Amino acid sequence: MSQHALLSASCKAWRSLSCPRSELRLDLTLGCGQTFRWRETADSHWTGVMRGKVWTLTQTEDTLWYYVYSHNNNPGPENRQKGKVEEEEQLLGKMSKRTTCIKQEDEGLCTVLSEPDKKEEELLRDYFQLDVKLGDLYKNWSTVDPHFKHTANIFTGVRLLRQDPVECLFSFICSSNNHISRIQGMVERLCQTLGTLLCKLDDVAYHDFPSLQDLTDPCVEMRLRDLGFGYRARFLQQSSQMIMNSHHPDWLQSLRSTPYLQARDALRTLPGVGLKVADCVCLMSLDKFEALPVDTHVWQIAKRDYNFAPGTSQKTLTDRVYKEIGDFYRKLWGPYAGWAQSVLFCADLKKFQKLKEEVLSEDKTELKIDERKRDRCAEKQKTQKKKSKRT
DNA sequence: TCACTACCTGT
DNA sequence: CAGGTAGTG
């Protein structure tokens, strides 16, 4: 039986990326409600499914550690004995086996990672959008917005994920009139029921997110109703069907190269997709960083912390107020307004309130010995790789 | 354009 | 009521 990987147990089996905490905080980024599929499977270890693979992530002060599990996704006769296959699956503990050296002809230099390794590092960089320099953005937002500056001191490293559009869309269709914990459960059941099994870790099954095809089957609505999706069951089935019939399977993905408002309008033609859900999908999976989802909660923040008053005093969050709030923030924060908003949103979540007190009372001179050790381990791995590449 | 309501289910 | 949407006046 395979187990969840632990950094402390097998440092060498992990791979790493240089990435300071100020650029990425896993706990905040994975727990703030933009994605619903990551769980803290051990202290500061996050396990989830991303780009069709099962990952465990953890981090130390300057390093992001990742672990990719192997799984058998070739449908074949041996799949009848799934249980057995899984039992035999081992953690990818053998770095040396995987890190074959690739020579580059001209310079005698060669890359440190093998092809699949490089690909996985690239997947991770892409998913976390590590090329976006969060520290610089924070600096800019802090200059123009004192309130942001205040909360940014504590909530560093909150970053938008570049999610798969299908997963993002169908997860957020589930989010209507709903709260995070229940959405998590629903998405989990959705994957368990309709998604492909990837692997099992400590008796926990990890499934891929269902494909459009999987969601289009007419019996999906009834199955999801049985799973407690309520009226959203119909939305999910109908939306996928509409994409498959009226568009093409890659239609969602193609919206990445469509201008923001146009993409949002396109999404809004799908059942169960209003302004808020469309903006979530735009911001979190379609590269529209100016998109700014406004829910009642964000509206409260605007009123409370920014003294926001709509042009005409509305009682409900009308389309008009929705747009006014978005425009207000875009004017304040600029083209990455959606990113800035996610920081404040995160800071306002109940589950992170304790952070505010912890940070204030924390003894800042405390040495994080474990982490330093691991950071050194990362360095060591890198130099070893450099050495081995010359042979 | 705005207000109101029903829609599913769990806490 | 909850991190909405769609349908109706």
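Given the structure is predicted, the values throughout are model-derived calculations rather than measurements. Note on naming: letters A, B, ... go to the chains in the order of the sequence lines (proteins, then strands), and numbering restarts at 1 for each one.
- In the interface, the side chain of Tyr231(A) is paired with the base of dG4(C) through a donor and an acceptor atom under 3.5 Å apart.
- Across all strands, Leu270(A) comes closer than 4.0 Å only to sugar-phosphate atoms, never to a base (heavy-atom distances).
- The residue Ile173(A) sits apart from the nucleic acid: no heavy atom pair falls under 4.0 Å.
- With hydrogens and angles left out, the side chain of Arg320(A) and the base of dT1(B) share no donor-acceptor pair within 3.5 Å.
- In terms of phosphate contacts, Thr318(A) brings a side-chain nitrogen or oxygen within less than 4.0 Å of OP1 or OP2 of dC2(B).
- Nucleic acid contact for Cys174(A): none, since no nucleic acid atom lies under 4.0 Å from a heavy atom of the residue.
- Heavy atoms of Pro271(A) sit under 4.0 angstrom from primed sugar atoms or phosphate atoms, though from no base atom.
- Heavy atoms of Phe345(A) sit under 4.0 angstrom from at least one base atom.
- A salt bridge links Arg125(A) to Asp131(A): at least one charged side-chain nitrogen sits closer than 4.0 Å to a carboxylate oxygen.
- Neither OP1 nor OP2 of dG3(C) sits under 4.0 Å from any side-chain N or O of Ser175(A).
- Between dC8(B) and Arg225(A), a contact under 4.0 Å exists linking OP1 or OP2 to a side-chain N or O.
- Remark: aromatic rings of His147(A) and Trp333(A) are distant, center separation not under 6.0 Å.
- For the OP1/OP2 pair of dG4(C) and a distance below 4.0 Å, the side-chain nitrogens and oxygens of Thr296(A) include at least one atom meeting the criterion.
- To the nearest angstrom, P of dC2(B) lies 15 Å from OH of Tyr322(A).
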